[in-house]
Amino acid sequence: MNTRRDFLQKLGASALMLQLSSISTFANAPDQIEQPYEGKVLRVAIMGLGGYGTRVAEAMKACTKAKLVGVISGTPSKIKEWQTKYNIPEKNCYNYDNFDQVKNNPDIDAIYVITPNALHHSQVIRVAKAGKHAICEKPMALNAKEGQEMVDACKKANVKLLVGYRLHFEPRTLEVVRMRNVGDFGKIMFFQGQCGFKIGDPMQWRLNKALAGGGSMMDIGIYAINGARYMVGEEPVWVTAQETKTDPIKFKDGVDETIQFQLGFPSGAVASCLSSYNINHLDRFFMSGDKGFAEMQPFTGYGPIKGRTHNGELTQPIVTHQTVQMDEMATIIFEDNKPVVPVNGEEGLKDLKIIDAIYQAVKTGKKVKLQLL
């Protein structure tokens with residue numbers, strides 16, 4: 001599957017030409033001329049200039065409501081490179097020690113935290129104390145306790161906390177959610193989410209528990225957790241889980257290789273999901289109701305999301321996910337827009353509560369009750 005690790009080099013200018021400036025334009029008539037955007041532009045600094053940070057920066061070139069204006073990095077050479085490439089002024093460049101000074105910079109509205117998982121908690125809280133809106137990559141934190149502290153800190157500072165759930169703005173995903181909402185699938189009975197690939201470099205931070213907080217569940221498994229919630233349209237009330245580990249050298253204690261987990265919902269619907277760092281070609285959603293079904297494969301990649309339902313192929317526009325995400329996040333921050341599927345800190349916190357429960361279920365072998373509402 002395409003991941004943030006191996007897909008970067010495939011991103012070209014041609015892909016960006018496919019994006020649409022806003023989800024709201026998808027329903028425009030073919031002969032309608034779109035008016036230039038004249039509203040407030042969200043001025044964003046990216047924290048963490050690695051592979052995914054670069055992907056977001058490239059996608060933001062095509063944004064109409066958001067603009068990359070600053071960088072935060074611990075690597076001076078990367079800062080210089082980004083300054084040249086993205087025309088970023090010196091006054092908008094910070095390192096991890098001094099970025100609290102952004103509070104005195106009126107030219108930055110929000111900071112997008114794209115660093116290893118273990119750093120999200122402290123960095124987002126610092127962003128909030130600096131009076132800037134925080135956008136945080138998923139998972140939002142290492143556990144629900146940290147996540148709650150981040151939500152509380154942003155509320156106290158009166159700033160928004162948003163999470164990088166790019167698929168919440170993806171047109172084909174949203175079409176399945178729309179069909180579910182209007183009853184096209186009938187009563188939802190079953191959901192299946194399969195997420196996995198064989199991870200490479202054994203020395204990378206994603207296989208370091210102190211930085212990642214776990215293994216495949218914290219990286220790719222969260223797609224199945226979050227997808228189960230927005231596809232079924234309910235919050236789960238229990239979870240069971242089992243772990244399989246075939247390579248204890250690569251996947252050390254606390255770094256999960258493969259986890260199977262099951263979710264139960266109030267309506268009686270159930271979900272069966274798999275998260276793995278050692279199985280390729282796992283990138284599929286399937287949902288079945290008593291009137292129809294939806295299948296998406298691939299459902300997480302950066303390339304086109306493909307899918308079909310009992311009515312046929314999904315044909316909604318192909319977009320650059322991060323371009324649409326950042327434009328839509330601008331409307332959330334400035335206009336208090338409410339997206340169809342939330343991307344706020346409370347949404348991220350619910351996923352963290354489920355992840356905590358999955359790890360508890362693996363450890364105890366018992367069904368763990370959930371209370372997300």
Side-chain angles (χ1 to χ4, degrees), residues 1 138 165 167-168 170-197 216-217 220-244 256 258-276 279-301 305-314 316 340-342 347 350-362 365-373:
M1 64 174 272
K138 59 191 180 303
Y165 290 114
L167 294 178
H168 291 200
E170 196 282 317
R172 298 179 183 186
T173 301
L174 289 177
E175 173 60 11
V176 174
V177 173
R178 184 199 67 80
M179 292 178 66
R180 197 272 327 286
N181 284 340
V182 299
D184 285 356
F185 303 116
K187 178 178 170 58
I188 304 302
M189 307 296 292
F190 176 72
F191 172 85
Q192 183 181 57
Q194 300 173 336
C195 312
F197 60 92
S216 67
M217 182 59 58
I220 192 70
I222 194 169
Y223 283 99
I225 293 170
N226 194 251
R229 293 175 50 232
Y230 66 68
M231 294 279 273
V232 174
E234 299 180 67
E235 300 296 3
V237 292
W238 59 259
V239 61
T240 55
Q242 309 81 38
E243 180 179 5
T244 301
D256 47 284
T258 300
I259 290 182
Q260 300 176 72
F261 61 96
Q262 303 77 40
L263 302 170
F265 297 87
S267 66
V270 293
S272 176
C273 302
L274 177 67
S275 170
S276 181
I279 305 174
N280 278 330
H281 314 300
L282 292 180
D283 192 8
R284 176 177 179 266
F285 275 4
F286 178 79
M287 183 172 69
S288 180
D290 59 10
K291 293 183 179 179
F293 73 91
E295 180 179 35
M296 306 185 77
Q297 185 177 10
F299 78 90
T300 65
I305 301 299
K306 298 180 180 179
R308 65 190 180 103
T309 73
H310 56 283
N311 291 333
E313 295 293 319
L314 294 170
Q316 285 65 37
V340 174
V341 185
E347 176 79 358
K350 289 176 181 178
D351 283 344
L352 291 174
K353 288 179 178 179
I354 296 172
I355 290 175
D356 285 354
I358 287 172
Y359 284 137
Q360 182 182 348
V362 165
K366 298 179 180 179
K367 179 185 289 188
V368 178
K369 292 183 178 180
L370 293 167
Q371 188 169 2
L372 305 184
L373 297 175

Worksheet entry | Pair D283, Y223: side-chain N/O donor-acceptor within cut-off below 3.5 Å | no
Worksheet item: Can a donor-acceptor pair be found between the side chains of D351 and Y165 at a distance below 3.5 Å?
Response: yes
Worksheet item: Does the pair I259 and Y359 meet the rule for a side-chain contact (heavy atoms from CB on, under 4.5 Å), with working shown?
Response: CA-CA 9 Å; I259 290 182; Y359 284 137; 3.8 Å; yes
Does a side-chain heavy-atom distance below 4.5 Å link [X] with [Y]?
X    : Y    : result
M287 : M179 : no
I358 : I225 : yes
S267 : E234 : yes
I305 : T300 : no
F265 : V270 : no
S272 : F191 : no
F285 : V176 : no

Return a table of donor-acceptor pairs under 3.5 angstrom between the side chains of residues 236-244 and protein atoms on other chains or two or more places apart.
{"from": "T240", "atom 1": "OG1", "to": "Q262", "atom 2": "OE1", "distance (Å)": "2.5"}
{"from": "Q242", "atom 1": "OE1", "to": "Q262", "atom 2": "NE2", "distance (Å)": "3.2"}
{"from": "Q242", "atom 1": "NE2", "to": "Q262", "atom 2": "OE1", "distance (Å)": "3.1"}

Roughly how far, to the nearest 0.5 Å, is the [atom2] atom of [Y] from the [atom1] atom of [X]?
X    : Y    : atom1 : atom2 : result
Q192 : M231 : CD    : CE    : 11.5 Å
T173 : F299 : OG1   : CZ    : 9.5 Å
I354 : R229 : CD1   : CZ    : 5.5 Å

Item to complete: May I ask you to decide if P342's main-chain N or O and H168's side chain share a donor-acceptor pair within less than 3.5 Å?
Response: yes
Worksheet item: Counting N and O atoms only, with roles assigned by atom type, does the side chain of R180 sit under 3.5 Å from a partner on the main chain of F185, one being a donor and the other an acceptor?
Response: no
Worksheet item: Between T309 and D184, does a side-chain contact (heavy atoms from CB on, under 4.5 Å) hold up when you go through it step by step?
Response: CA-CA 10 Å; T309 73; D184 285 356; over 6 Å; no
Item to complete: Could you list the residues that satisfy side chain to side chain contact (heavy atoms under 4.5 Å, CB included) with S275, not counting sequence neighbours?
Response: S216, M217, I220
Worksheet item: What's the verdict on ring-ring contact (aromatic ring centres under 6.0 Å, His included) for H281 and F197, showing C-alpha distance, side-chain angles and the deciding distance?
Response: CA-CA 6 Å; H281 314 300; F197 60 92; over 10 Å; no
Worksheet item: Are the charged groups of E347 and K350 less than 4.0 angstrom apart, N to O?
Response: no
List the atom pairs, donor and acceptor, that lie under 3.5 Å between side-chain atoms in residues 288-298 and the rest of the protein, sequence neighbours left out.
{"from": "D290", "atom 1": "OD1", "to": "K187", "atom 2": "N", "distance (Å)": "2.9"}
{"from": "E295", "atom 1": "OE1", "to": "R308", "atom 2": "NE", "distance (Å)": "3.0"}
{"from": "E295", "atom 1": "OE1", "to": "R308", "atom 2": "NH2", "distance (Å)": "3.0"}
{"from": "E295", "atom 1": "OE2", "to": "R284", "atom 2": "NE", "distance (Å)": "2.8"}
{"from": "E295", "atom 1": "OE2", "to": "R284", "atom 2": "NH2", "distance (Å)": "3.1"}

